Amino acid sequence: MNPLIARVALPIPLDKVFDYLIKPNTTPVIGGRVLVPFGRQRLVGIVIAIGNDSDFPVQQLKPIQQVLDSQPLWQPALFELLKWASRYYQYPLGDTLANAMPALLRKGREASTAPLKYWQLTEAGRDQPLNGLKRAPKQAQILNLLRHGPLSHESLLTHDVNSATLKAVVQKGWIIEQQQQPKQHQWQPKFAITEQKPRLNEEQALAIATVNSNPDFGCYLLDGVTGSGKTEVYLNLLEPILTAGKQALILVPEIGLTPQTINRFKRRFNVPLETVHSGLNDSERMTAWLAGRDNQAGIIIGTRSALFTPFANLGIIIVDEEHDASYKQQDSLRYHARDLAVMRANKENIPIILGSATPALETLHNAQTGKYHYLTLSKRAGNASAARHGVIDVKGLYLNAGLSAPLIAEMRKNLNAGNQVMLFLNRRGFSPAMMCHECGWIAECDRCDAYYTLHQQSGELRCHHCATQRPIMHQCLQCGSTQLSPVGVGTEQLEAQLAELFPEFKTVRIDRDSTRRKGSLENYLEAIKNNEYQILIGTQMLAKGHHFPDVTLVALIDVDSALFSNDFRASERLAQLFIQVAGRAGRASKPGSVLLQTHHPEHQLLQSLLHKGYGVFSQTALTERRQALLPPFTHLVLLRAEANDSDLVCQFLQQIRAIFEASPVYDQDCCVLGPNPAPLARRAGRFRWQLILQTPNRNKLQQMLSIAKPAIQLLPLAKKIRWSIDVEPQDL
Ligand code: ADP
């Protein structure tokens, strides 16, 4: 009989799997890891099939070196989802699987909780008289500590014990290291609701009853204005799930994972809860992964990648702020966590709730066509009231660091009344460019088609696209003049100007520059809550997940760039930001107001948003998308390519275009746009082009890609050019 052969997916950028011989008396499992030789390396791969035959002569196959798992890493539903994602997003299977594992598993670490290490006295140690150790007081201290019972290594170190002393005591044979498997805790028998719940309003009760009426797969859009009680609905939906001993997965946007969010779930239920986000180190990530798989956590809350956590018994998925752009991964496996979460719920046959005050147009479309159930919460719950809003036409007005006189006056009024004011400007740095006043020269990044951003605090010019930086020059590089001045306003400049305009009030700036240190965002948020700052300046970061009851005025400093952007999603994003910030401010006793500064107050989008709300805006926007044949009415694939030679990149994309057009499934409904220079045509010295494939039919798109990709890979230029496929891109 032929020997057994395992088909293994390896973490390499190739759309191939590799065959290896299974040595007698070893038992790899499908979905489990194996260590295999690959060229001169040894790689950790995943077995995806076991059989008797291979496309290669069996004598040429190498054997598996080590079987790392006796159980599959993923349950069938999640394993199927990962294989599906690899096909759908056109990303190699081995890399996709590696992406979905904690780094420690990728490195071959055992997929179980590490044993606890602790120190214990030996018999000799116990008999050792302490007063005989007067000259070695530290050693005596260790023996004394352990006479009260064994201690973990960590707790011993907290008693000011150093490792040299420890080693000395070990060598004398007085203490010994022991290991113990950590105990698995069953949270289910002790499950309880640990706080008083508010009485649900009718819409909340209806939403909950609708979801609860069907324990199987169903996707529900929970469309509810900010403060309408969506989180309260999530909490109520979790209750029967946790009571039945099942687990819940809650996805939140990248910066939505705040202590406030976590605490609401912790206060309500006494179940172990784990969080998963980019700030975790390797072992914390592993702990959360195991807690899901081994049913040691009842709830897992996390950002995008938490979607890949395995669960022993998953009962529900919730995607909060489902419209948020951070759910889309922008490199490697370019997945959309919301879409993949819907697919996961489908494969696990459980309900999924997509919550938002400003649903993505794609999601609304799915609800309107009956693919998703539509649930709505139309009123603010509790004691909040809706914000008022207005527009300031800044045409012809003098702007002081971007602020018009009417806005400054309005700010003063709110601040003098003891309230807080929040200003949004989506531009970091002091100013987005620096120009010579004498000759008009502008400081430009050498490697990108972009101007340098002036960062005055750090004395640098920085390129926000390739991250290069240089000290601010004092003379124009073209004419030598010293009259260099900033052009345009960024958050840093706004901050400096506000200190002059409002010296009696304190200003805080929240952006990626000011919150780089771990924990700094939380500290700022706490200080804002305690009214240590009265003026808050922020980029998008400030818009999400935080409620500021003492903020009574919110202003969007510049909305014109979004009104006239090339990206067809820019207006949708502006509308979402506007509604979000409007929902952040005020409470019943202190109603908030929102002001927009624009040169185009008559713009149709602003008009419908301001006077008719997001519901009407989104219908108008959907009609426009339908007429323009844009998503969700068509499906797009974006092919990006870049290299040092611009002509080669363009040529390469032309060849890809020809491959698409020659495809047997290409017909008059399909359309290829480009190649065109990318919005940033040169980045970090490389020229960038893009090609868009558009079809009304998702299956056709998939068919076309699966036929085209092997042909693209065979193109000689494919090896010389950096290229990627982005299925359903979010940024064009
Ligand atoms: P959302 O998630 O939609 O922003 P939340 O669930 O956070 O809304 O609710 C907003 C506020 O209203 C919270 O303070 C919450 O405790 C309160 N709340 C929610 N539902 C009710 C209710 N039925 N009765 C009273 N207060 C409620």
Side-chain angles (χ1 to χ4, degrees), residues 193-212 220-239 241 248-253 255-269 273 299 301-303 316-324 327 338 352-360 363-364 367 374-387 422 525 529 540 542-551 554 576-592 594 613-615:
I193 294 158
T194 42
E195 70 169 358
Q196 180 94 31
K197 300 191 289 179
R199 232 178 96 92
L200 299 170
N201 65 36
E202 234 167 79
E203 286 180 325
Q204 286 175 318
L206 180 66
I208 293 159
T210 310
V211 179
N212 285 345
Y220 302 85
L221 165 59
L222 182 62
D223 181 354
V225 295
T226 312
S228 61
K230 292 187 295 298
T231 311
E232 190 54 45
V233 170
Y234 306 154
L235 288 162
N236 277 272
L237 288 173
L238 254 54
E239 205 181 301
I241 300 289
L249 168 64
I250 297 161
L251 296 182
V252 294
I255 34 196
L257 192 58
T258 60
Q260 285 133 294
T261 316
I262 299 163
N263 283 339
R264 284 190 72 179
F265 289 88
K266 279 193 174 158
R267 273 204 311 269
R268 180 67 57 95
F269 307 116
L273 180 153
I299 302 174
I301 308 186
T303 52
I316 195 166
I317 303 179
I318 285 160
V319 183
D320 192 29
E321 311 281 5
E322 63 83 33
H323 63 275
D324 195 277
Y327 284 125
R338 173 200 59 218
I352 175 166
I353 289 72
L354 311 179
S356 175
T358 51
T363 308
L364 276 175
Y374 184 74
L375 306 170
T376 182
L377 304 179
S378 57
K379 295 179 280 297
R380 279 196 172 191
N383 60 356
S385 66
M422 185 149 92
L525 293 175
K529 224 172 75 190
Q540 302 238 15
L542 203 50
K544 295 176 192 171
H546 321 294
H547 190 70
F548 303 108
D550 289 325
V551 170
V554 180
Q576 289 164 341
L577 176 70
F578 171 74
I579 301 289
Q580 289 256 318
V581 300
R584 291 287 153 238
R587 55 184 170 197
S589 53
K590 279 187 182 181
V594 183
Y614 188 80

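Below, all heavy atoms of this structure are taken into account, side chains as well, without hydrogens, waters or symmetry copies. Read the numbers this way: they start at 1 and go in the same order the structure lists the ligands and their atoms. This one's a predicted model, so the numbers in the text were calculated from it and none came from an experiment.
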Nitrogen or oxygen atoms of G224 and ligand 1 under 3.5 Å apart: no
Contact check: T226 vs ligand 1, nitrogen or oxygen atoms, below 3.5 angstrom: no
Ligand 1 contact on N201 by region, counting heavy-atom pairs under 4.0 Å: backbone
Non-neighbouring partners of L237 that pass side chain to side chain contact (heavy atoms under 4.5 Å, CB included), sequence neighbours left out: I208, V211, N212, V233, I316, I353
Check: T194 side chain, R267 main-chain N or O, donor-acceptor pair, under 3.5 Å: yes
For E232, the ligand 1 atoms whose distance to one of its heavy atoms is below 4.0 Å: 6 (O), 19 (C), 20 (N)
I250 to F265 - nearest heavy-atom pair and separation: CD1-CE2, 3.4 Å
Any side-chain donor near an acceptor of the partner, Y614 and Q576, under 3.5 Å: yes
Ligand-residue contact atoms, ligand 1 with V225, heavy atoms, under 4.0 Å: 3 (O)
Donor-acceptor under 3.5 Å (Q204 side chain, L377 main chain): no
N-O pairing of E232 and R268 below 4.0 Å: yes
Which of the ligand 1 atoms, numbered from 1, are nearer than 4.0 Å to a heavy atom of R199: 22 (C), 23 (N), 24 (N)
Which of the ligand 1 atoms, numbered from 1, are nearer than 4.0 Å to a heavy atom of G229: 1 (P), 3 (O), 5 (P), 6 (O), 8 (O), 9 (O), 19 (C)
Q204 contact mode with ligand 1 (heavy-atom cut-off under 4.0 Å): side chain
Contact partition for P198 relative to ligand 1, non-hydrogen atoms under 4.0 Å: side chain
Atom indices of ligand 1 within 4.0 angstrom of L200 heavy atoms, with elements: 23 (N)
Point-to-point distance, once rounded to the nearest 0.5 Å, from NE2 of H323 to CD of Q580: 4.0 Å
